[in-house]
S.K.: 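Quick one: the structure is below, questions incoming.
Keep in mind that this is a model prediction, so the values were computed, not measured. Atoms within each ligand, like the ligands themselves, are counted from 1 in listed order.
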Amino acid sequence: MNELNFNHLKGKTCVITGGGGVLGASMAEALAQAGMQLAIVDINQDAATSLANRIASEYNVKTLGISANVLDKKSLEEARNQISQELGPIDFLINGAGGNSPKATTKAEEILPDMDGLWENSFYGLEMEGFRQVFDLNFIGTLLPTMVFTRDMIDAGKGGVINISSMNAFKPLTKIPAYSAAKSAINNFTQWLAVHLGKTGIRVNAIAPGFFLTNQNRFLLTDESTGELTPRGHKIIASTPMGKFGDSGDINGTLLFLLSDLSEFITGVVVPVDGGYSAYGGV
Ligand code: NAD
């Protein structure tokens with residue numbers, strides 16, 4: 001039986017895409033506490049660098065902040081070269097870059113009879129550019145980093161990938177069809193890749209967070225001018241049996257478990273961390 005601790009993660013190297021964001025930063029901090037070396041990869045260079053500097057000095061672990069775009073394979077390969085040179089082979093990957101955008105969000109939840117602004121406020125008014133941007137960021141932005149950052153794991157015969165899914169992968173949320181479709185595709189891909197890599201020693205799992213108030217959903221859940229919850233924000237709290245948004249640290253126990261040998265025989269699963277949201281039928 002494995003030892004019941006995370007000591008074996010110490011000194012391992014993990015890449016976190018979207019590592020400069022709210023959940024990414026929290027995951028990075030948890031992994032640093034476990035003694036892991038980190039490459040924080042984010043399109044926002046300042047966010048990646050300042051977090052890497054803080055973590056390196058606070059936890060005394062080697063940490064790189066690297067600017068790369070998860071939709072650009074060449075920039076990911078450049079990041080990989082830098083990581084190889086400065087940290088050595090990559091042991092783990094967390095695909096955290098993602099999010100929604102107002103450009104892929106309908107104004108209306110559903111079409112009602114005689115609705116004002118039928119064409120512009122509903123599904124029919126969605127611009128393909130915004131739809132594609134959100135779908136690609138979440139899905140292709142998981143696929144490409146996985147191609148680039150798991151090569152060392154194949155050589156080592158061991159490794160782990162954690163994809164970040166969402167509640168909307170199980171049941172689509174109103175207004176956000178591109179984001180929902182992309183996260184659903186991530187669940188499917190998690191299972192597909194777990195099978196494809198089943199005999200390589202690389203495990204592929206996903207975490208589906210419930211609702212955490214962060215930059216990518218603030219515009220939907222809170223009123224910009226007052227900071228109060230929007231009707232949608234209230235609905236979410238009412239649909240979450242634990243009655244609150246998640247705290248950014250709430251996914252870290254599940255993350256460490258899924259990366260570690262404690263979950264050695266687990267691959268191809270999507271674990272909800274959602275305060276009970278996915279269990280609640282609404283009545
Ligand atoms: P966030 O906006 O704080 O972080 C997202 C990070 O991704 C940002 O630092 C951003 O710069 C980076 N990023 C965006 N585009 C990129 C690109 N092309 N290349 C590289 N980096 C890029 O959001 P968050 O809430 O911390 O989200 C992290 C992950 O969790 C996302 O995949 C999101 O979909 C998922 N998620 C969040 C929630 C929630 O309630 N906040 C719920 C479910 C899933």
Side-chain angles (χ1 to χ4, degrees), residues 15-30 39-52 65-76 78-79 93-105 132-145 148-149 162-173 176 178-187 189-190 206-222 232-233 236-237 239-240 244-252 254-255 270-275 277-278:
V15 175
I16 311 179
T17 71
V22 176
L23 297 183
S26 173
M27 292 190 279
E29 206 153 334
I40 293 162
V41 173
D42 203 291
I43 203 162
N44 181 339
Q45 167 86 70
D46 288 347
T49 310
S50 64
L51 179 68
I66 302 177
S67 162
N69 180 353
V70 291
L71 295 174
D72 177 358
K73 199 169 178 196
K74 192 162 165 276
S75 90
L76 295 169
E78 284 166 9
L93 167 66
I94 301 169
N95 282 308
N100 187 40
S101 152
K103 285 189 194 157
T105 303
R132 190 168 283 134
Q133 196 187 323
V134 166
F135 187 85
D136 284 359
L137 169 61
N138 289 279
F139 183 59
I140 306 297
T142 292
L143 192 90
L144 283 180
V148 173
F149 293 125
I162 306 292
N163 296 325
I164 304 297
S165 177
S166 168
M167 282 301 105
N168 61 32
F170 304 107
K171 266 193 215 154
L173 301 182
I176 53 174
Y179 187 50
S180 297
K183 291 296 191 184
S184 208
I186 285 178
N187 283 16
F189 176 61
T190 300
I207 294 174
F211 296 87
F212 295 66
L213 198 53
T214 64
N215 299 334
Q216 55 98 11
N217 57 19
R218 204 172 302 277
F219 76 99
L220 276 170
L221 305 184
T222 58
R232 188 180 181 87
I236 286 168
I237 297 291
S239 306
T240 301
K244 57 179 186 176
F245 291 123
D247 179 77
S248 62
D250 287 342
I251 59 176
N252 294 338
T254 308
L255 176 73
V270 182
V271 182
V273 179
D274 64 347
Y277 180 89
S278 56

S.K.: Suppose we screen for side chain to side chain contact (heavy atoms under 4.5 Å, CB included). Which residues come up paired with A208, at least two apart in sequence or across chains?
M.R.: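 S165, M167, F170, V270.
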S.K.: Can you tell me how far the CG atom of D42 sits from the CD1 atom of I66, to the nearest 0.5 Å?
M.R.: 11.5 Å
S.K.: With rounding to the nearest 0.5 angstrom, report the CG to CD1 distance, L23 to I251.
M.R.: 5.0 Å
S.K.: Got the residues with a heavy atom under 4.0 Å of ligand 1, by chain and number?
M.R.: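 Heavy-atom contacts below 4.0 Å: G18, G20, G21, V22, L23, D42, I43, N44, A68, N69, V70, G96, A97, G98, G99, L137, N138, I164, S165, S166, Y179, K183, P209, G210, F211, F212, T214, Q216, N217.
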S.K.: Go through the structure and list residues passing ring-ring contact (aromatic ring centres under 6.0 Å, His included) with F211, not counting sequence neighbours.
M.R.: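 Once residues adjacent in sequence are excluded, the partners of F211 under the ring-ring contact (aromatic ring centres under 6.0 Å, His included) criterion are Y277.
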S.K.: Taking side chain to side chain contact (heavy atoms under 4.5 Å, CB included) as the test, write out the residues that go with D72, two or more places apart.
M.R.: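 With sequence neighbours excluded, D72 shows a side chain to side chain contact (heavy atoms under 4.5 Å, CB included) to N69, K74, S75, given in chain and number order.
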S.K.: With no hydrogens and no angle check, just 3.5 Å: does a side-chain donor-acceptor pair link S278 and D274?
M.R.: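 Yes, side-chain donor-acceptor contact under 3.5 Å.
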